[in-house]
There are 2 protein chains.
Amino acid sequence: MRSDHDDETKDPTATVRIVDIARMAGVSTATVDRVIHRRGKVSAGNLARINEVLERVHYRPNLIARSLASGRQYVVAVVTPRFAEGEYWADFEAGIQRAEAEARRFNVVVRRFGFDQYDRSSFERLLELLRRESFDAAVLATLFAERVVPFTGELDRRGIPYVFVDSDLPECRRMAYFGTSSFDAGVVAARLLFERMEAGADIVVGNIRHRGEGGSNQCRERERGFRDYLARHDFGGRLLDVELRLDDEACNARTLDDLFARHPSIAGAVTFNSTCYILAGYLASRRRSEVRLVGYDVIERNRRMLSEGIVTALVAQRPEVQGYRGVMSLCAWLVEGVRPASVNNLPIDILVKENIAYYTNNII
Amino acid sequence: MRSDHDDETKDPTATVRIVDIARMAGVSTATVDRVIHRRGKVSAGNLARINEVLERVHYRPNLIARSLASGRQYVVAVVTPRFAEGEYWADFEAGIQRAEAEARRFNVVVRRFGFDQYDRSSFERLLELLRRESFDAAVLATLFAERVVPFTGELDRRGIPYVFVDSDLPECRRMAYFGTSSFDAGVVAARLLFERMEAGADIVVGNIRHRGEGGSNQCRERERGFRDYLARHDFGGRLLDVELRLDDEACNARTLDDLFARHPSIAGAVTFNSTCYILAGYLASRRRSEVRLVGYDVIERNRRMLSEGIVTALVAQRPEVQGYRGVMSLCAWLVEGVRPASVNNLPIDILVKENIAYYTNNII
DNA sequence: ATCGCAAGTGTGTGCGCACACACTTGCGAT
DNA sequence: ATCGCAAGTGTGTGCGCACACACTTGCGAT
């Protein structure tokens with residue numbers, strides 16, 4: 001039996017509700033509501049008193065009740081490349097889907113906006129569409145950095161928060177970034193490739209481009225990290241750049257036959273995007289199993305080449321976690337007003353034949 | 001303007017509520033509620049009709065509203081070793097805490113029950129306590145397997161679901177397991193240690209025991225996997241078992257000095273629990289940087305030894321994810337009736353100097 | 001002197017569901 | 001013929017909050 005007036009000495013684990021706040025401050029729940037949601041129209045005295053009470057009792061709104069009562073629905077736009085099954089961005093989508101299922105409970109829905117990652121104009125057209133669309137927050141893949149930057153300026157003006165995935169653009173006012181350090185992902189690849197490699201061995205750097213697009217910001221950063229590692233570890237050999245084609249196996253074979261003929265000391269190879277299966281296919285066909293090969297991303301074709309022992313190691317960046325956390329961070333912001341950490345560098349995973357079986361995209 | 005009676009042709013995205021079900025089945029919401037919660041006391045005709053409607057419209061209860069209305073609070077017991085800061089189980093606790101914060105929204109609370117992982121009787125006393133405690137589900141660390149097994153029989157009788165973490169005991173009726181394959185974690189360690197090692201090199205196997213306890217089930221499995229890998233890769237050297245002590249550096253140094261003196265061809269070392277920093281400390285003091293050393297778990301002391309280049313690689317098992325998903329899976333079961341996959345083998349992470357900075361326990 | 005209006009304030013309703021409680025019906029026992 | 005009781009069934013309330021709406025107060029303009 002406790003008296004009714006000692007509101008503040010009661011069970012500290014009991015939840016404090018808006019009605020309790022109202023009673024303590026001597027106002028109605030509507031006035032408390034106005035303060036909580038900064039709707040204005042509250043006298044200075046009441047504002048101060050209510051804020052004081054909110055502070056003192058550490059008021060935590062019941063998000064369940066809030067969500068049920070408000071019915072407010074938020075839309076999170078997800079702007080990423082379209083993909084076919086088994087491609088890199090399919091794993092990303094798996095994370096989005098999981099986030100979508102969880103966020104729905106809080107009246108947050110996801111709308112997807114896809115573009116062709118090999119076609120800049122497709123991205124530009126998408127941005128044009130987004131200018132006319134209405135949404136409350138956005139997850140942006142930063143592949144076309146020079147187009148993303150001005151667009152974020154528009155979002156800033158519209159007051160729409162956004163987070164980046166895939167690679168960071170620190171010059172933008174993004175609420176958060178979820179992804180790996182591309183530079184250090186390059187360092188890791190170098191370590192995996194170079195470890196215990198005899199001095200003077202050469203390394204092939206496979207550049208696989210598409211329709212003449214320049215390499216992505218992310219690939220450039222990885223290559224910087226890679227070269228940085230070599231520079232710090234007295235790598236005595238040469239890096240042999242080679243241009244390969246996405247769809248022309250015969251042409252690639254000729255190019256590589258020629259390269260390997262001219263450089264018999266090649267002991268390793270690397271690609272900085274997710275297409276190392278191309279180099280792997282060549283090495284397998286020529287039975288060059290002594291050549292170490294390191295690439296990026298757990299896409300199906302890379303996975304197979306790794307399992308067969310042709311690829312030495314893959315460096316991966318948890319795309320499903322990027323997708324999941326990208327959406328959920330915005331959900332938390334919209335629903336609870338919780339601001340995420342601004343830079344979230346995800347782990348740079350090392351995958352080899354012996355552990356790849358356990359890296360599947362259904363694990364968040 | 002749509003007519004009121006065509007309930008089933010209306011907007012398919014509209015949420016179907018209990019009142020809608022009731023109207024379609026020609027009963028009250030209470031009767032629908034009885035069917036949904038299997039409370040009985042419903043005539044066969046109504047039961048069939050309501051179930052038919054539920055099925056047809058794919059009724060999904062609004063968990064938000066359910067949680068708000070029921071006020072039902074579930075208790076998840078978490079039974080794990082006590083720990084000091086920087087120890088392995090502290091990372092596990094980080095995942096528990098994150099899950100706790102999320103689960104609270106659905107009226108699920110976590111109660112922790114700790115034991116001394118080096119003291120079997122402490123675990124037995126805890127089980128005695130748990131027999132008298134009331135909880136709705138449990139997360140169990142399986143360190144003392146032979147004590148866990150009979151206890152789960154009691155839980156089965158009490159109808160309390162439980163999940164395992166750390167290592168699996170497939171013979172129990174656990175609802176799920178979250179953790180790594182200990183066997184394959186041993187395989188991975190062997191791969192990391194043995195890769196490109198000259199044939200005939202010897203490897204030290206450090207056994208660090210505490211108060212005479214036998215090694216854990218998990219450590220034994222890892223060692224099995226390790227030896228299996230070596231057997232399959234014509235390892236020509238010897239495995240040199242050595243007993244080390246947790247608290248006696250001088251004694252360990254004498255033991256190891258003696259071992260290294262007798263076996264000059266030692267090229268590698270491994271431990272199967274999280275105390276490889278002990279071997280690392282020895283190797284650092286003797287400047288044996290050429291000896292490769294592989295161990296388990298990202299605890300603070302191992303992290304330092306890895307960053308300094310003394311430990312070659314660590315194999316890790318995402319304890320924070322084990323804790324998080326262990327709790328959340330039970331939360332989903334209690335609140336939504338969603339049954340988790342029974343075996344959830346988490347990735348076996350490979351950590352080296354170049355990527356360890358990004359493995360921190362605040363990342364789920 | 002009255003009116004319009006801005007600034008404040010409170011009441012009441014509903015979000016979808018769970019569940020207490022009251023109630024009806026029909027059958028077997030007396 | 002009435003009663004007790006089990007089996008069914010429906011009404012009403014509240015979970016904590018958001019917000020529409022009605023209302024009051026006081027001041028400046030006319």
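For clarity, every value in this text was computed on a predicted model and none was experimentally measured.
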Colleague: Are B/Asp156 and B/Tyr162 linked by a side-chain donor-acceptor pair shorter than 3.5 Å?
Modeller: yes
Colleague: Has the side chain of B/Asn46 got a donor or acceptor atom that lies under 3.5 Å from a matching backbone atom of B/Ser43?
Modeller: no
Colleague: Are the side chain of A/Glu102 and the backbone of A/Met328 linked by a donor-acceptor contact shorter than 3.5 Å?
Modeller: no
Colleague: Taking B/Thr142 for the side chain and B/Ser167 for the main chain, is one N or O donor matched with an acceptor at less than 3.5 Å?
Modeller: yes
Colleague: Residues from residues 329-336 of chain A sitting under 4.0 Å of DNA chain D, heavy atoms only?
Modeller: none
Colleague: So, does B/Asp91 use its side chain to make a donor-acceptor pair with the main chain of B/Glu320 at under 3.5 Å?
Modeller: no
Colleague: Flag the pair B/Val321 / B/Arg98 as yes when at least one side-chain heavy-atom distance between them is below 4.5 Å, and no otherwise.
Modeller: no
Colleague: Between P on C/dG10 and CZ on A/Arg23, what's the gap in Å once rounded to a whole number?
Modeller: 14 Å
Colleague: Distance check: side-chain N/O of B/Asn46 vs OP1/OP2 of D/dT9, anything under 4.0 Å?
Modeller: yes
Colleague: Salt bridge between B/Arg49 and B/Glu52, side-chain N to carboxylate O under 4.0 Å?
Modeller: no
Colleague: For DNA chain C, what dot-bracket results from Watson-Crick or G-U pairs at under 3.5 Å, with [ ] for crossers and | for inter-strand partners?
Modeller: ||||||||||||||||||||||||||||||
Colleague: If a protein heavy atom is under 4.0 Å from the base, mark B; if only from the sugar-phosphate, S; if neither, -; do that for nucleotides 15-25 of chain C going 5' to 3'.
Modeller: BBBBB-B----
Colleague: Taking CZ in A/Arg60 as the centre, count heavy atoms belonging to other residues, nucleotides or ligands within less than 6.0 Å. Is the count above 12?
Modeller: no
Colleague: Between B/Arg66 and B/Glu336, does any side-chain N to carboxylate O distance fall below 4.0 Å?
Modeller: no
Colleague: Within this structure, what is the CD1-to-P distance between B/Ile50 and D/dG8, rounded to whole angstrom?
Modeller: 12 Å
Colleague: According to the interplanar angle, ranging from 0 to 90°, do the rings of B/Phe115 and B/Phe123 count as parallel (below 30°), tilted (30 to 60°) or perpendicular (above 60°)?
Modeller: perpendicular
Colleague: For B/Leu47 and D/dG8, what is the distance between atoms CG and P respectively, to the nearest whole Å?
Modeller: 10 Å
